[in-house]
Every structure is written in structure tokens, then in C-alpha cells.
J.: 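One structure follows; several queries about it will come next.
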Amino acid sequence: MLQLVTALSVTQLLLLITGIYIFYVTISAILDPLRSVPGPFLARFTRLWYLFAIYKGNFELRDIEIHRLYGAIWRVAPGEYSIDDIGAAKTIYGHGKGYVKAPWYWAFMTPGPGTASLFADQDPHRHAINRRKISSLYSMTSLVGYEPAVNNCIELLTSRFCEIADAGKLFDFQHYLQCYAFDVIGEITFGKRFGFLDLGEDKEGGFGYIANWTLQQITAKKQEAKGPNVSEKETTPDFIARLLRVQEEDPEKITNSDLFMMCTMNIVAGSDTTAISLSSLFYHLMRYPQAYKKLQDEIDTAARKGRISNPITFKEAQDLPYLQAVIKEALRKHPAVGLPMQRVVPNASPITVAGHTIPPGSSVGINAWVAHQNTSVFGPDASEFRPERWLEYEEQGRNGEIEKYFLSFGMGSRTCIGKNVSLLEMSKVVPQMLRTFEFVIDESAEERVDGTGKVVGLESYSRWFVKQKGFMGRVRRR
Ligand code: HEM
């Protein structure tokens with residue numbers, strides 16, 4: 001046999017390998033116990049269909065479209081399924097159900113043995129230990145300490161918008177909201193901004209730039225901690241200072257690689273997501289003038305009656321019901337993550353969706369974009385931006401029920417640890433901007449239209465995050 005193979009030319013060998021591969025995937029597809037699950041033909045045989053669909057940059061829309069065609073489940077790749085089922089969400093993401101993150105998350109792993117980013121870790125035990133180490137830094141009580149950092153960045157964003165308003169310039173909203181989100185998370189994490197708002201521009205270099213910057217800040221903070229100014233050390237409220245204090249007491253508890261991982265995670269997971277959500281919020285306010293006016297009235301009335309300070313505190317912002325409904329609706333309408341959040345079906349807890357029992361080892365996930373367009377949960381107007389729906393759910397006592405399918409921050413044990421931080425950033429910046437400026441979308445903004453010609457949102461580009469582009473607008477002082 002070996003002699004036969006070695007006698008083949010390179011072309012013949014390649015043809016043989018291709019033939020064996022095609023035979024293998026065809027037999028696997030025929031014998032697949034879930035062959036009745038619908039989906040694109042190619043996706044039965046290869047992951048390439050899924051990879052290509054993601055590469056095109058608008059998978060979230062494709063996912064909605066295909067669910068409309070096939071219902072609650074379709075195959076994205078062999079052994080991998082996209083699900084749209086509120087009952088399944090509890091099983092897939094519920095605490096203690098044993099559904100771990102799928103191998104897809106390896107793409108986000110940090111190099112190095114024994115280390116794993118909190119976001120990508122597939123080991124539930126190690127993940128729980130690491131999450132516990134830092135969860136208090138994201139708690140509501142810790143947030144008060146981060147408010148001055150947010151205030152500083154709001155002040156800078158206000159200065160940039162004043163300059164743009166006075167120059168009568170057209171500007172890209174997404175860009176400035178991105179600068180804001182990066183600088184806030186920089187200041188919260190390291191007590192130091194990236195400086196994007198100071199310059200009005202961000203820096204090229206992606207993850208490499210962030211990793212370098214993080215290392216520099218950790219080194220600087222460690223030096224500072226060794227310095228004589230102990231009183232400053234004790235009052236500094238930033239994230240890294242708190243971690244260093246824990247490390248000093250117990251170096252085993254927070255290792256150097258923990259420090260690096262936790263700080264970079266804040267930047268990587270917390271900046272684009274917040275900028276995307278804020279862009280969604282400002283875009284929808286401008287496209288739904290009634291909602292804009294209602295929010296403006298709520299803020300102006302609260303300011304007139306002295307119910308909000310300048311700058312507004314997080315506590316005061318939480319007491320503005322329409323503002324909170326607008327934030328939630330912006331998160332619902334344009335979730336930051338645009339792919340199904342895939343988990344592996346465990347032996348102990350299989351799942352049945354639309355009559356299909358999915359075997360252990362398969363990958364299943366729900367895409368927040370699909371969930372949030374589900375009309376049986378969010379009503380026939382699910383595709384509309386209507387903040388009032390959140391106030392109605394509350395009145396009807398249905399909040400708990402709806403929350404089960406609100407997936408902007410994920411769900412269960414892997415739910416977003418930075419949720420409160422992002423709500424702090426959003427809740428403060430929106431009223432501050434609206435009481436100072438008037439925003440108008442420009443006709444040159446790039447928008448998505450559906451098959452009927454209806455505008456459905458801003459043009460976006462997605463791989464994992466669904467990032468808006470061409471969000472051009474104007475700002476005037478009020
Ligand atoms: C509006 C802003 C944000 C959105 C929409 C968002 C969304 C999400 C989602 C959907 C997940 C779960 C992903 C999955 O299951 O695959 C997640 C996890 C995570 N997020 Fe956020 N996020 C936001 C802000 C932040 C901020 C500000 C931080 C940090 C300060 C942060 C840090 C993390 C971390 C560390 C995880 C992994 C948690 C774990 O696996 O235990 N996020 N986020």
C-alpha cells in the first residue's frame with residue numbers, strides 16, 4: 001500500500017487526498033443523525049460555508065434571514081447549529097448546565113501554558129476561580145470610585161464636540177464615541193487615558209498596541225506602588241491599583257499573568273462594545289425623533305427641577321426611566337456581538353429544539369441579533385426602535401420573562417462581567433451630551449436598507465463585533 005502511494009505523482013496524491021476527504025464528509029453527512037436539520041447545502045459538508053459567510057461581514061443579518069426561512073434551528077456547519085428558542089437559552093447558558101464555550105473561542109486565547117483569558121477560558125472550574133478573584137472590582141459599589149474617570153472623559157468629549165460645533169464640521173460619530181469608550185476604560189483600568197480624546201484621534205496597531213500599552217502601565221504602576229507616596233497609593237481607585245494591592249498581600253492569588261490578562265480583557269472586551277452600543281443609541285435617537293424629544297424632555301425637566309447634577313451622577317441617571325429604556329432598546333436593537341455564542345452540548349444535559357435532539361459534542365449557540373428580532377418574545381414591532389416597550393414590560397410585570405431572551409450582555413455564568421461599567425459610561429454620557437448639544441444625522445451617513453427599501457440601521461461590518469461605519473453627523477450647541 002505504502003509503495004503504491006509513494007509511486008503517485010504530487011497531482012495524483014492531491015487528487016487521492018481530496019477524494020478521501022470528499023468520501024469522508026459525504027458519508028458523515030449521510031449518517032448524520034441530525035441530517036433533517038435544515039441549512040445551506042454546503043454547510044452539511046464543511047465549515048467553509050460558515051467561514052465565508054462570516055468573512056462577508058454581515059452574518060447577523062444572514063442569521064436572522066435563515067431563521068425566518070427555517071424556524072428555530074439551522075445548521076451553520078457540520079455539528080454546529082444556530083438556535084432561536086427562548087427555552088433553549090436557559091439550557092445552553094444556564095448556571096450549572098455544563099455547556100462550556102465551544103472551540104471557536106480558542107481564537108481569543110492568550111498564549112502561554114496555564115493562562116487563559118477570562119472571556120475565552122473553556123475550563124469552567126478555572127474560569128469560576130478567576131472570575132471570583134475580580135468580580136468585586138465590577139460591582140455596583142466599586143462603580144462609585146470610577147465616576148471621576150468617566151466625568152473627565154465626558155468633559156473632554158464635550159470640548160471636542162464644542163470645537164466641531166463651532167467649526168460647523170461634519171464628523172464621524174462612531175469615531176468619537178470609540179475614542180470616548182477607549183479613554184474611559186483606560187482611565188478606569190490604569191488611572192490613565194489612552195489620550196485619544198485629548199488628540200481627537202485613535203492610534204493604529206490593534207491588539208499589539210493595547211498589549212504594549214498595558215505592559216507599560218503595569219510596570220509604571222508597580223514602580224509607583226514601591227514609591228514613597230503611600231497615601232496616594234491607598235486612595236487611588238483604579239482597577240490596577242486595587243489588583244496590585246491584592247497581589248501585594250497574596251502574590252499567589254493575583255499572578256503577573258493574571259494582571260496582564262485582566263487589564264487587557266477590560267480594554268479588548270469593554271471598548272468596542274461600549275462604542276457600538278453608544279453609536280446605536282445616538283443613531284436611533286436621530287432616526288426616531290419622537291424618542292429623541294421624549295428623552296430630551298426628561299433630561300431638561302430633571303435639570304430644571306434640580307434632580308440631576310452637572311455632571312450627572314450614575315445614581316441620578318438610573319432614576320431617569322426613559323433614559324434607561326433608551327439604553328436598553330439601543331442594546332437590543334443593535335447588539336455588539338453578531339455571531340451565535342457557541343457552547344458544546346454536554347453528555348449530561350442534551351437539548352431538544354423543534355423536535356431535534358442535539359447529540360453531545362455538537363456546538364449550539366444563540367445570536368443576540370436573532371433573539372432580539374423574535375416577534376413571539378418582543379412583539380410584532382420587534383424590528384422597530386421603541387424604548388417604551390421596556391416601560392410597558394415593567395408595568396405588566398414581564399421584565400423577568402423578557403430578560404431571559406435579552407442577550408446583549410450574554411447570559412449565565414459567562415455573562416458580561418463589565419455590564420455595570422458600560423452602563424455607568426452610557427448612563428452618564430448620554431444626558432450630558434443631550435443637555436449641551438443638538439445632534440443631527442447627515443444625509444451622507446451610510447445606512448442599511450432591507451429588501452423593501454426600508455432603512456433598518458447603520459451600515460456595519462461584523463466579524464464578532466458588529467461595528468457601525470459611515471455614521472456622519474453634525475452637532476450644534478444648544
Ligand atoms: C455595552 C458594552 C458591552 C457589551 C454589549 C458586552 C457584551 C458582552 C457579551 C455578549 C459577553 C459574553 C460573550 C459570550 O458569552 O461569548 C461579554 C463578556 C465579557 N465582557 Fe462584556 N460587554 C460590554 C462591556 C464590557 C466592559 C466595559 C468590560 C470590562 C470592563 C467587559 C468585559 C467582559 C469580559 C471580561 C467578558 C468575559 C466574561 C466571562 O466569560 O466570564 N465588557 N460581554
Side-chain angles (χ1 to χ4, degrees), residues 60 89 92-95 99-110 116-135 137-139 142-143 146 149-150 177-178 180-190 210 238-240 243 258 261-281 327-328 330-344 363-369 371-372 406-427 429-430 464-467:
E60 69 288 357
I92 298 173
Y93 302 109
H95 285 276
Y99 282 64
V100 298
K101 285 201 165 180
W104 185 88
Y105 285 87
W106 284 342
F108 296 94
M109 282 302 266
T110 42
S117 75
L118 192 71
F119 172 74
D121 204 342
Q122 289 179 288
D123 176 340
H125 180 63
R126 182 174 54 190
H127 170 266
I129 293 175
N130 281 334
R131 190 162 166 134
R132 257 199 309 275
K133 285 182 192 170
I134 51 167
S135 55
L137 299 184
Y138 301 90
S139 67
S142 290
L143 292 192
Y146 302 142
V150 182
L177 295 172
Q178 180 101 21
Y180 166 75
F182 260 101
D183 273 348
V184 175
I185 206 67
E187 197 160 337
I188 286 177
T189 308
F190 305 110
I210 292 169
D238 55 73
F239 189 88
I240 190 167
L243 283 177
D258 284 341
M261 183 275 285
M262 288 161 180
C263 293
T264 39
M265 216 55 257
N266 268 10
I267 314 295
V268 174
S271 48
D272 278 334
T273 45
T274 305
I276 290 168
S277 308
L278 279 171
S279 296
S280 166
L281 189 151
I327 292 175
K328 208 138 183 212
L331 287 160
R332 183 192 73 86
K333 187 77 198 313
H334 186 119
V337 169
L339 296 184
M341 293 175 277
Q342 294 285 351
R343 305 290 190 264
V344 180
S363 221
V364 286
I366 303 179
N367 188 336
W369 280 75
H372 296 177
F406 178 67
L407 299 182
S408 294
F409 290 110
M411 202 181 239
S413 61
R414 307 306 292 262
T415 196
C416 177
I417 199 168
K419 177 180 166 184
N420 292 334
V421 175
S422 66
L423 293 177
L424 165 79
E425 295 177 44
M426 295 174 75
S427 297
V429 76
V430 174
W464 169 247
F465 294 142
V466 187
K467 208 162 166 178

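In this text the structure is predicted, and so the values were computed from the model without any measurement. Ligands are counted one by one from 1 in listed order, and the atoms in each one are counted from 1 as well. Along the sequence shown, residues are numbered consecutively beginning with 1.
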J.: Using a heavy-atom cut-off of under 4.0 Å, does the side chain or the backbone of Trp464 touch ligand 1, or both, or neither?
T.: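 Side chain only.
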J.: For ligand 1, which atoms, with element, lie under 4.0 Å from some heavy atom of Met265?
T.: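 The atoms of ligand 1 under 4.0 Å from a heavy atom of Met265 are 35 (C).
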J.: Which heavy atom of Gly338 sits nearest to which heavy atom of Val466, and what is that distance?
T.: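 For Gly338 versus Val466, the nearest heavy atoms are CA-CG2, 3.4 Å.
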J.: Among all protein non-hydrogen atoms, which one is nearest to atom 29 (C) of ligand 1, and what is the separation to 0.1 Å?
T.: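 Atom 29 (C) of ligand 1 sits closest to the protein heavy atom Asn266 OD1, 3.5 Å.
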J.: On a heavy-atom basis, I'd like to know which of Ser408, Ser413, Cys416 is closest to atom 19 (C) of ligand 1.
T.: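 The nearest heavy atom belongs to Cys416.
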J.: Is there a nitrogen or oxygen of Leu118 sitting under 3.5 Å from a nitrogen or oxygen of ligand 1?
T.: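 N/O-N/O distance under 3.5 Å: yes.
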J.: Using a strict 4.0 Å cut-off to heavy atoms of Ser277, name the atoms of ligand 1 that fall inside it.
T.: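 Listed by number with element: 1 (C).
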J.: Applying a strict 4.0 Å limit to heavy atoms, is Lys419 in contact with ligand 1?
T.: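 Under 4.0 Å: no for Lys419.
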J.: Heavy-atom distance under 4.5 Å between the side chains of Leu118 and Met261, does that happen here?
T.: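 Yes - at least one pair of side-chain heavy atoms lies under 4.5 Å apart.
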J.: Decide whether an N or O pair under 3.5 Å exists between Arg131 and ligand 1.
T.: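 Yes; at least one N/O pair falls below 3.5 Å.
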J.: Considering only heavy atoms from C-beta outward, does the side chain of Lys101 approach that of Arg343 to under 4.5 Å?
T.: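 The answer is yes, as the side chains (C-beta and beyond) meet within the 4.5 Å cut-off.
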J.: Aromatic ring centroids of Phe239 and Tyr146 under 6.0 Å?
T.: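 No, the ring centres sit 6.0 Å or more apart.
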J.: Check whether any side-chain heavy atom of Asn420 sits under 4.5 Å from a side-chain heavy atom of Phe409, and report yes or no.
T.: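 No; the side chains remain at least 4.5 Å from each other.
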J.: Can you tell me the protein heavy atom closest to atom 15 (O) of ligand 1 and the distance?
T.: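 Checking every protein heavy atom, the shortest distance to atom 15 (O) of ligand 1 gives Arg343 NH2, 2.8 Å.
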J.: Which protein heavy atom lies closest to atom 16 (O) of ligand 1, and at what distance to 0.1 Å?
T.: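 It is Tyr105 OH, 2.5 Å.
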J.: Return yes when Trp104 approaches ligand 1 closer than 4.0 angstrom through a heavy atom, no otherwise.
T.: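 Contact absent.
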J.: Identify which of Met261, Arg414, His334, Met411 has a heavy atom lying nearest to atom 12 (C) of ligand 1.
T.: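 It is Arg414 whose heavy atom sits nearest to atom 12 (C) of ligand 1.
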J.: Are Val429 and Val184 close enough that some pair of their side-chain heavy atoms sits under 4.5 Å apart?
T.: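 SC-SC contact between Val429 and Val184 ruled out.
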J.: Please give me the minimum heavy-atom distance between Ser135 and Ile417, naming the atom from each residue.
T.: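 Residues Ser135 and Ile417, closest heavy atoms: CA-CD1, 4.1 Å.
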J.: Would you indicate whether the side-chain heavy atoms of Ile185 and Glu425 approach each other to under 4.5 Å?
T.: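 Glu425 reaches Ile185 side chain to side chain.
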J.: Who's the nearest protein heavy-atom neighbour of atom 11 (C) of ligand 1, and how far?
T.: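 Among all protein heavy atoms, the one nearest atom 11 (C) of ligand 1 is Phe409 O, 3.9 Å.
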J.: Any heavy-atom pair between the side chains of Tyr99 and Val344 that's under 4.5 Å?
T.: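 No, their side chains stay 4.5 Å or more apart.
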J.: Does NZ belonging to Lys419 count more than 12 external heavy atoms closer than 6.0 Å?
T.: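 At most 12 heavy atoms, drawn from other residues, nucleotides or ligands, come within 6.0 Å of this atom.
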J.: Quick check on contacts: which atoms of ligand 1 are under 4.0 angstrom from a heavy atom of Ile185?
T.: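 Those atoms are 30 (C).
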J.: Would you say Tyr138 contacts ligand 1, with heavy atoms under 4.0 Å as the rule?
T.: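 Yes, Tyr138 has a heavy atom closer than 4.0 Å to ligand 1.
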J.: Give the residue, atom name and distance (to 0.1 Å) of the protein heavy atom nearest atom 24 (C) of ligand 1.
T.: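 In this structure, atom 24 (C) of ligand 1 has Thr273 OG1, 3.4 Å as its nearest protein heavy atom.
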J.: Please state which part of His127 comes within less than 4.0 Å of ligand 1, counting heavy atoms only: side chain, backbone, both or neither.
T.: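 The answer is the side chain of His127.
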J.: Quick test: of every protein heavy atom, which one is nearest to atom 13 (C) of ligand 1, and how far off is it to 0.1 Å?
T.: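 Of every protein heavy atom, Phe119 CE1, 3.6 Å lies nearest to atom 13 (C) of ligand 1.
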J.: Any side-chain heavy atom of Arg332 sitting closer than 4.5 Å to one from Phe406?
T.: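 In short, these two side chains touch, coming nearer than 4.5 Å.
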J.: Which residue holds the protein heavy atom closest to atom 34 (C) of ligand 1, what is that atom called, and what is the gap in Å?
T.: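 Result for atom 34 (C) of ligand 1: Ile417 CG2, 3.7 Å.
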J.: Any idea which protein heavy atom is nearest atom 33 (C) of ligand 1, and the distance to it?
T.: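 Result: Ala269 CB, 3.6 Å.
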J.: Please tell me if the side chains of His334 and Ser279 come closer than 4.5 Å, counting only heavy atoms from C-beta onward.
T.: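 They are not in contact (no side-chain heavy atoms under 4.5 Å apart), so the answer is no.
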J.: Which of the atoms in ligand 1, numbered in the order shown and given with their element, are less than 4.0 Å from a heavy-atom of Ser422?
T.: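 Near Ser422, the atoms of ligand 1 are 1 (C), 2 (C), 24 (C).
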J.: With a 4.0 Å heavy-atom cut-off (strictly under), which part of Ile188 contacts ligand 1: side chain, backbone, both or neither?
T.: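 Neither; nothing of Ile188 gets under 4.0 Å from ligand 1.
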J.: Show the nearest heavy-atom pair for residues Trp464 and Pro340, with the distance to one decimal.
T.: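 Residues Trp464 and Pro340, closest heavy atoms: CZ3-O, 4.4 Å.
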